[in-house]
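What follows is one structure encoded as structure tokens, with my remarks underneath.
In the text below, chain A, chain B and the rest are named by the order of the sequence lines, each starting its count at 1. Any value given below was found using the heavy atoms of this structure, including those in side chains, with hydrogens, waters and symmetry copies removed.
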Protein chains: 2
Amino acid sequence: MRHAIHNPPGEAGCSGCEQQPRCLAGRFDEARREQLVSRLRTGIRCLPRYPLFHAGDRFRYLYIVQSGSFKSWRLERNGDQQVLGFHLPGDVLGIDGIRNGTHTSAAQALQSSRVCALSLARNPESLDGLSWFNAGLLKAMSRASSQDQEHLVIMGRRQATQRLAMFLRRLRRQYRRLGWPDDELTLTMSRADLASFLGLVLETVSRLFSQLHESQVLEVRRRRVTVLDPERLRQLSEAEAVSG
Amino acid sequence: MRHAIHNPPGEAGCSGCEQQPRCLAGRFDEARREQLVSRLRTGIRCLPRYPLFHAGDRFRYLYIVQSGSFKSWRLERNGDQQVLGFHLPGDVLGIDGIRNGTHTSAAQALQSSRVCALSLARNPESLDGLSWFNAGLLKAMSRASSQDQEHLVIMGRRQATQRLAMFLRRLRRQYRRLGWPDDELTLTMSRADLASFLGLVLETVSRLFSQLHESQVLEVRRRRVTVLDPERLRQLSEAEAVSG
DNA sequence: CGATTTCTTTGACCGAGGTCAATTCAAGGG
DNA sequence: CCCTTGAATTGACCTCGGTCAAAGAAATCG
């Protein structure tokens, strides 16, 4: 059945995890990491569409993406959903729940993925003595905040082409950071999700891809996107902003 | 001269500060707060336009707004600025600098204001034993993240009227939370700043205000806005989203 | 206090992108 | 293997909001 979480058969915590260099909890030596063991569940498998949490859920865990990808969104009163972000390995999910113990956004897997769950719900004060961890957490949250700000900048620029170009360049940067090939991008989100994320309608996104294909900037085969002309993509992303 | 910081004449730390119930550092008893004293400079006065930090500045302090208001923004390569947020008493500024020690956004006062500066730059690990404070900091950052998400939702909806309506309702909520009158709103930002924040051009914002005035929803006299018909404002903010 | 600057409003025009609708393509299930 | 279903593409049309321009209202300064 879909939508199920399977416990890992015999994964042994963080040892061997590829994401260690990027991970909030992995940046530290084994001894330190063991201090977290009682709070950390590693390698939880999520099938596509598996929801980590919904808006309104009680805050229980902070999730660290280990592999795969996720999307997060807010649901409006009128049933309309606004995609807030796409999340790759190393990203932390669920931050919005810390504030008052309730999630205000939702998150689900876009493909088969793994996450680690970090229990923070009860007495976060007991992180005392784990200040090394706290510092890491602060940085992770600061990073999440920066990403939101980048997103806001994209949403502020009006030209649709520019938005998509900015998004693709940002994605390339993220892929590169993860050591993945950054010329052959495999999008894990639908046109609808991407459109929502960019503040456009899906038809527009589709047309833009066709256009950029036509003009030899990209090679687009559905969700397989190859960047043919990175320089032109840069120009498009930096085009003079609408005067706003 | 403008743009100057004046040290407070004789303010004695947090005692007597109106923002205590909302403040990150103020929620705790005097004894605890004294633990922070070496890291905390309270009641720093900022004249209008005084910049707390610029993009690229080395991260030194986290700022807590005590009175007045601020705006934060990112400057793009082409000189265009995207307003990221407006900040009222109790808000924390400078979070984006924690990540790697450099600010990626800028912030400045919109009016005569006061902030408290909290030194976090060097060895944040030394916050050990201040876990009560760390927990507060986490919540403050979570709150900032929620606000960014609300902003993203506004930017995602296309209809300009809806954006402004959502913004005004959000502002009302914030004013109420601060114990200020929420029917007579005094905007502290220019039309241009508000337009950038909402992803519109200033002419559009100006026209929207005129329209809402015309239709008896608001009374607008430049930056003095009175909400005449809150119910209608709610309807406008919740109107069916563009299908996107 | 008059002069200059800055902020805001208003009008006329028009194009980017949203709307509606139909078609094509790919994948998964019985 | 075909059929169903959902995702993506493409086209025709039209509106919302951006552009350009000018004038009025406040604020600032010498």
Side-chain angles (χ1 to χ4, degrees), chain A residues 1-3 47-49 71 80 82-83 110-112 154-165 186-214 218-225 236 239-244, chain B residues 1-3 47-49 71 80-83 110-112 154-165 167 186-214 218-225 236 239-244:
Chain A
M1 92 199 208
R2 260 185 163 177
H3 302 329
L47 292 175
R49 298 182 158 263
K71 72 165 176 175
D80 175 79
Q82 173 64 43
V83 173
L110 289 171
Q111 57 183 140
S112 286
I154 291 183
M155 300 283 269
R157 325 310 230 66
R158 263 110 293 169
Q159 306 291 2
T161 310
Q162 199 173 352
R163 293 190 196 198
L164 183 57
T186 305
L187 305 182
T188 58
M189 72 293 289
S190 69
R191 296 284 190 266
D193 283 343
L194 185 49
S196 168
F197 181 77
L198 295 177
L200 304 167
V201 293
L202 75 165
E203 294 94 326
T204 303
V205 172
S206 182
R207 268 185 260 267
L208 288 172
F209 273 125
S210 301
Q211 248 169 248
L212 292 175
H213 192 166
E214 186 66 27
L218 304 175
E219 162 91 35
V220 183
R221 296 197 312 278
R222 260 136 195 273
R223 299 197 185 176
R224 280 214 130 58
V225 176
L236 289 171
E240 191 55 42
V242 187
S243 30
Chain B
M1 88 199 207
R2 260 187 161 177
H3 302 327
L47 293 175
R49 300 184 156 260
K71 72 167 176 175
D80 175 77
Q81 79 175 34
Q82 173 63 45
V83 173
L110 289 171
Q111 56 183 144
S112 286
I154 291 183
M155 298 285 267
R157 322 310 231 61
R158 265 111 293 173
Q159 306 290 4
T161 311
Q162 200 172 350
R163 294 189 194 197
L164 183 57
F167 168 77
T186 304
L187 305 182
T188 58
M189 73 291 291
S190 69
R191 295 286 189 263
D193 283 341
L194 184 48
S196 167
F197 182 76
L198 296 176
L200 304 167
V201 294
L202 76 164
E203 293 95 326
T204 302
V205 172
S206 182
R207 266 184 263 268
L208 287 172
F209 273 125
S210 301
Q211 251 169 246
L212 292 175
H213 192 167
E214 185 66 25
L218 304 175
E219 163 91 33
V220 184
R221 294 197 314 279
R222 261 135 193 270
R223 301 197 184 175
R224 281 213 131 57
V225 175
L236 289 172
E240 192 55 42
V242 186
S243 28

Separation of atom [atom1] in [X] from atom [atom2] in [N], rounded to whole Å:
| X | N | atom1 | atom2 | value |
| --- | --- | --- | --- | --- |
| L200(B) | dC16(D) | CG | C1' | 11 Å |
| R49(B) | dA27(D) | CZ | C1' | 12 Å |
| R224(B) | dC7(C) | CZ | C1' | 16 Å |
| R163(A) | dG17(C) | CZ | C1' | 10 Å |
| R158(B) | dT19(C) | CZ | P | 7 Å |
| E214(A) | dT9(D) | CD | P | 14 Å |
| R157(B) | dG17(D) | CZ | P | 13 Å |
| L202(B) | dT9(C) | CG | C1' | 10 Å |

Is there a side-chain contact between [X] and the phosphate of [N], meaning an N or O under 4.0 Å from OP1 or OP2?
| X | N | answer |
| --- | --- | --- |
| R223(A) | dA8(D) | yes |
| R207(B) | dG17(D) | no |
| Q159(B) | dG18(C) | no |
| T204(B) | dG17(D) | no |
| S206(A) | dT10(D) | no |
| S190(A) | dG6(D) | no |

Find which nucleotide of DNA chain D each of T161(B) and R221(A) is nearest to by heavy atoms, and output the residue with the more 5' nucleotide. R221(A)
Does some side-chain heavy atom of F209(B) sit less than 4.5 Å from a side-chain heavy atom of R191(B)? yes
4.5 Å side-chain heavy-atom contact, L164(B) and L198(B): yes
What closest approach, in Å, do L47(A) and S112(A) show between heavy atoms, and which atom pair accounts for it?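 Answer, listing the atom of L47(A) first, then S112(A): CD2-OG, 4.0 Å.
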Between L236(B) and Q162(B), which heavy-atom pair has the shortest distance, and what is it? O-CG, 3.3 Å
So, taking the atom named [atom1] in [X] and the one named [atom2] in [Y], what distance separates them when rounded to the nearest 0.5 Å?
| X | Y | atom1 | atom2 | value |
| --- | --- | --- | --- | --- |
| R221(A) | E219(A) | CZ | CD | 5.5 Å |
| S190(A) | L110(A) | OG | CG | 8.0 Å |
| R223(A) | T186(A) | CZ | OG1 | 11.0 Å |
| L208(B) | T161(B) | CG | OG1 | 5.0 Å |

In degrees, rounded to 10°, what is the bend between the two ends of the helix from dC1(C)-dG30(D) to dG30(C)-dC1(D), using five pairs at each?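 Answer rounded to 10°: the end axes differ by 50°.
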Taking the nucleotide of DNA chain C with the nearest heavy atom to each, does A160(A) or R191(B) sit closer to the 5' end?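 Its nearest nucleotide being more 5', the pick is R191(B).
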E203(A) side chain: which of dG11(C), dT8(C), dT10(D) is closest? dT10(D)
Minimum-distance nucleotide (side-chain atoms of S210(A) versus dT9(D), dC7(C), dG18(D)):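 Out of dT9(D), dC7(C), dG18(D), the nucleotide with an atom closest to S210(A)'s side chain is dT9(D).
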